[in-house]
Amino acid sequence: MAASNPTGTAITSARNLGFDPDALREKYRIERDKRLREDGNDQYLEVSGDFSRYIDDPYIEEKIEREPLFDEVEVVVIGGGFGGLLAGARLRDAGVQSIRVIEKGGDFGGTWYWNRYPGAACDIESYVYLPLLEEVGYMPKRKYADGKEILWYSQEIARKYDLYKDACFQTEVTALRWDEPSERWIIETNRGDAMRARFVAMSNGPLNRPKLPGIPGMETYKGHTFHTSRWDYEYTGGSAEGGLIGLQDKRVAIIGTGATAVQCVPHVGASAKQLYVFQRTPSSIDVRADRPTDTEWAESLEPGWHQRRMDNFNVLTSGGVEEEDLVQDGWTEIIRNLLFLVRNEDEPDLSPDALLKKVELADFQKMEQIRARAEALVEDPETAESLKPFYRQFCKRPCFHDDYLPTFNRPNVTLVDTQGRGVERITEKGVVANGKEYEVDCIIFGTGFEVGTAYSRRCGYETYGRDGVSLSEKWQDGMRTLHGMHAHGFPNCFIMGSMGQSGFTANYPHALNEQSKHIAYIVDQCLQGNQHLVEATEEAESEWVDAIVQYARLNEKFLADCTPGYYNNEGKPQDRSMQNANYGLGPVAFYKLLEDWREEGQMRGLKVS
Ligand code: NDP
C-alpha cells in the first residue's frame with residue numbers, strides 16, 4: 001500500500017516495498033568489490049615536491065611582510081576556519097584577552113577560503129551549518145548558503161570577536177615544541193617565528209590537504225591542470241557564480257564526481273566547448289530545493305532556536321528520534337522514512353536486530369528514490385544508469401543538487417563511466433579511460449583531500465611534547481587521547497576536529513562548536529584557579545581508548561560493506577587502527593558526555609596543577 005509520509009514523499013509500506021532487498025544487497029556487494037583495490041589509501045599522491053604548485057595560494061593579492069615574532073600570548077589557535085573562529089569566540093566569551101590565530105591562508109575562512117570553485121556552496125542547511133548565528137545576530141540569506149556568503153560570515157565572526165587583532169595570516173606552523181622549564185609552547189613557523197603560548201588549540205581542518213590520484217603518466221601531460229580547491233580563474237575566467245568564458249574554446253576533463261565536482265560540473269558544462277566527466281563511483285544526488293529565507297519565519301524565532309535546531313538535526317542525522325524534524329531535507333529523510341515504516345506496522349518489532357533491518361530498508365528506499373531521480377532527469381538511458389549509486393546513503397557524502405544530473409543532457413557534456421576502475425592513464429594530450437584516449441586542453445582534479453594519512457602530515461608540522469616525544473611517535477600504533485582532545489605528555493594542548501576519538505557529525509561546525517565550549521571551559525577553570533598546567537592522565541587516556549575500540553566494533557560491519565571512500569579508509573576499515581575511530585555511540589551521546597563532564601566540575605581525567 002503506497003502512502004505519504006509527513007513531507008508528502010511517496011513511500012511504500014514494509015509489506016510491499018517495490019524492490020527486492022536481497023537482490024539490492026547483492027548488487028551493492030558486487031559494486032563494492034569492483035572498487036576494492038590493494039593499494040587503498042596509497043593510490044593517492046601527496047601534494048608536495050613537483051606537485052606543490054597545486055597548493056599555492058591563488059587568492060593572495062599582496063604578500064604580507066613582517067618581522068619574525070618571539071613574543072608570548074595566552075592562547076595560540078592554529079587554523080582560521082570555523083574551528084579556530086569558534087575556539088577564539090568561546091575563549092573571548094570566557095574573558096581571554098590574549099589570543100593569536102595563525103592561518104596559512106590570507107584571511108579567515110578555512111575551507112571556504114580555499115574552496116572558491118564555481119558553484120561552491122554548502123548543502124547542509126545554513127540555519128544549522130553557520131555557527132554563532134544568534135551571537136553574531138545574523139540570518140543567512142537562503143536555506144543553503146553559497147561559498148561567498150560563508151566566507152564573508154567567517155570574517156564577520158572574526159570581526160565580532162576581535163580575532164583580527166594579533167592574527168598571523170600567510171603563516172604556516174612548522175613545529176610545536178613544549179618547553180618544560182617555562183611551561184610554554186614554542187610555535188615555529190615558516191616566517192622565522194618562535195612565539196610562545198601557554199595554551200595551544202589545533203584546528204587544522206579535516207580536509208585541508210588536497211590529494212591527487214596516482215594515475216600513471218600524470219607528469220607527462222602538456223596541457224593545463226589544477227585542483228578544485230585552488231580554482232584557476234585566470235585560466236577559466238568567470239567567478240564562483242559561473243560565466244567561465246575562458247573555457248569557451250576549451251576541451252576540459254574533470255576527474256572525480258564527489259561533492260565538489262557535483263557543484264562545479266554544471267558551471268563548467270555551461271561554459272566549456274566540451275566537458276568530459278570521468279567517474280569512478282557516482283555520488284547520490286538528492287533534491288536541493290534551495291530558497292530565500294522566509295523573513296516572517298526568521299522573525300518568529302525564539303531565543304535559543306539555533307542550538308535547538310542544530311541539536312535536532314544532529315539527532316536525526318545520527319539515527320535518533322525527535323518529535324519534530326525542523327530541517328526537513330534529504331539529510332533527515334531516512335529517519336522520517338524509518339519512523340513511517342514503524343508507525344505503519346500493526347505490532348512493530350523494535351528489537352535491535354529488527355530495527356537495524358528497518359534502517360536498512362529505509363536506506364534502500366531512499367537510494368531507490370535517488371536512482372529513480374537519475375532516470376527521470378537524464379535523457380540518455382545509458383548515462384542515467386551510470387549515474388545511479390548502488391551503496392548505502394551514508395557510505396559516501398550524500399550530495400544535493402538540482403542542476404548536476406540535467407547537465408548530462410547537454411550535447412557538449414559526456415560522462416565517462418570507468419565502471420569503478422578510475423582513469424587508466426594520463427598522456428601528453430589527455431586522459432585514457434576504458435582503453436580510449438580523450439584529448440583535452442585542461443584537466444581539473446576534483447579528487448578530494450587527504451583523510452586517512454598521518455595526523456602530522458595532514459597538519460603540515462610535528463608536535464613535540466614532554467621530553468621531545470612527538471605526537472607521531474606517541475600515536476604510531478593508533479591515536480591515544482582523552483575525548484579526542486587531550487593527549488598525555490602534551491600539556492595545555494587541545495586537538496580540535498573529528499580526526500578520531502571524538503564525536504563525528506555531518507554538520508561539522510556543530511562538532512567544532514561543542515569542542516570550543518569545552519576548551520573555553522577548561523582554559524577558564526585554569527585561569528580562574530591560577531593553574532598553569534592541564535594534561536590528560538595516562539589512566540583516563542587508556543580508559544577512553546578502550547571505550548573507543550569497544551564502540552568502534554558497532555560500526556565495523558557497516559563500514560566493511562560500504563563502497564570504498566574516505567569514510568572507510570578506501571575500503572580497508574580493518575587496516576585503520578580501531579583506536580582512530582570516532583566515538584561509536586555517536587555525536588549526541590558524545591556531546592552529552594562532554595556537557596555532563598563540565599557539569600560535574602571535577603575536570604575528571606585531567607591533571608591540573
Ligand atoms: P571526494 O573525496 O569526495 O571525491 C573525490 C572524487 O575523486 C571521487 O569521486 C573519487 O572517486 C574520484 N577519484 C579519485 N581517484 C580517481 C581516479 N583515479 N579516477 C577517477 N576518479 C577518481 O572529494 P570532494 O572534493 O568532492 O569532496 C570532499 C568533501 O568535501 C566532501 O565529502 C564533503 O565532506 C566536503 N564538501 C562539502 C560540500 C558541502 O556542501 N558542504 C561541498 C563540497 C565538498 P571514488 O568515489 O570512486 O573514490
Side-chain angles (χ1 to χ4, degrees), residues 31-32 34-37 39-45 82 110-112 114-126 128-130 144-147 150 205-218 227-231 253-265 276-286 288 290 329-331 389 391 394-401 404 415-426 431-434 443-452 498 504-509 562-571:
E31 290 295 325
R32 178 204 60 185
K34 265 194 214 170
R35 290 168 172 85
L36 286 174
R37 33 192 294 170
D39 52 1
N41 235 325
D42 295 336
Q43 67 183 284
Y44 297 107
L45 293 180
F82 278 137
T111 198
W112 300 101
W114 298 109
N115 288 281
R116 302 191 200 185
Y117 56 83
C122 187
D123 50 24
I124 291 186
E125 193 200 60
S126 59
V128 296
Y129 181 77
L130 295 180
Y144 300 99
D146 66 21
I150 304 174
L207 300 166
N208 87 81
R209 270 182 87 84
K211 68 176 160 47
L212 294 170
I215 302 171
M218 288 260 300
H227 188 275
T228 49
S229 70
R230 307 288 191 273
W231 194 268
I254 292 187
I255 300 181
T257 50
T260 300
V262 165
Q263 293 185 334
C264 67
V265 157
Y276 298 105
V277 179
F278 290 86
Q279 171 184 283
R280 191 164 66 177
T281 310
S283 284
S284 74
I285 318 287
D286 207 346
R288 184 170 179 79
D290 189 17
D329 66 3
W331 285 97
Y391 47 80
F394 289 106
C395 283
K396 279 193 178 285
R397 170 65 150 69
C399 300
F400 303 84
H401 213 286
Y404 177 73
L415 179 76
V416 183
D417 179 1
T418 67
Q419 303 288 341
R421 289 185 300 266
V423 165
E424 261 164 56
R425 232 165 350 109
I426 291 183
V431 180
V432 180
N434 307 325
I443 301 175
I444 302 172
F445 292 105
T447 45
F449 304 85
E450 288 193 15
V451 175
S498 303
F504 178 81
T505 168
N507 185 14
Y508 207 71
C562 272
T563 189
Y566 74 77
Y567 283 5
N568 69 349
N569 198 32
E570 300 299 332

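Please read all numbers here as calculations on a predicted model, not as lab measurements. Just follow the structure's listing: the first ligand is 1, and inside any ligand the first atom is 1.
A donor-acceptor pair is defined here as one N or O able to donate and one able to accept, closer than 3.5 Å; such a pair exists between the side chain of T447 and the backbone of K211.
Every residue meeting the side chain to side chain contact (heavy atoms under 4.5 Å, CB included) condition with L207, not counting sequence neighbours, appears here in chain and number order: F449, V451, Y566. By the salt bridge (Lys or Arg N to Asp or Glu O under 4.0 Å) test, D146 is found to be paired with no residue, residues two or more places apart in sequence or in another chain being considered. Every disulfide bond (SG atoms under 2.5 Å apart) that C395 has, sequence neighbours left out, goes to C562.
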Could you tell me, for ligand 1, which of its N or O atoms are under 3.5 Å from any protein N or O, listing the pairs and their distances rounded to 0.1 Å?
unit_1	atom_1	unit_2	atom_2	d
ligand 1	7 (O)	G446	O	3.4
ligand 1	9 (O)	T257	N	2.9
ligand 1	9 (O)	G258	N	3.3
ligand 1	19 (N)	V423	N	3.1
ligand 1	25 (O)	T260	OG1	2.6
ligand 1	26 (O)	A259	N	3.1
ligand 1	26 (O)	T260	N	2.9
ligand 1	26 (O)	T260	OG1	3.4
ligand 1	32 (O)	Y566	OH	2.7
ligand 1	34 (O)	Y566	OH	3.1
ligand 1	40 (O)	A121	O	3.2
ligand 1	40 (O)	D123	N	2.8
ligand 1	40 (O)	D123	OD1	2.8
ligand 1	40 (O)	D123	OD2	3.4
ligand 1	41 (N)	R397	NH2	2.9
ligand 1	46 (O)	K396	NZ	2.8
ligand 1	47 (O)	R280	NE	2.9
ligand 1	47 (O)	T281	OG1	2.6
ligand 1	48 (O)	R280	NH2	2.9

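Distance check: Y276 OH to L415 CG gives 12.5 Å after rounding to the nearest 0.5 Å.
You'll find the side chain of N208 stays beyond 4.5 Å of the side chain of W114, heavy atoms only.
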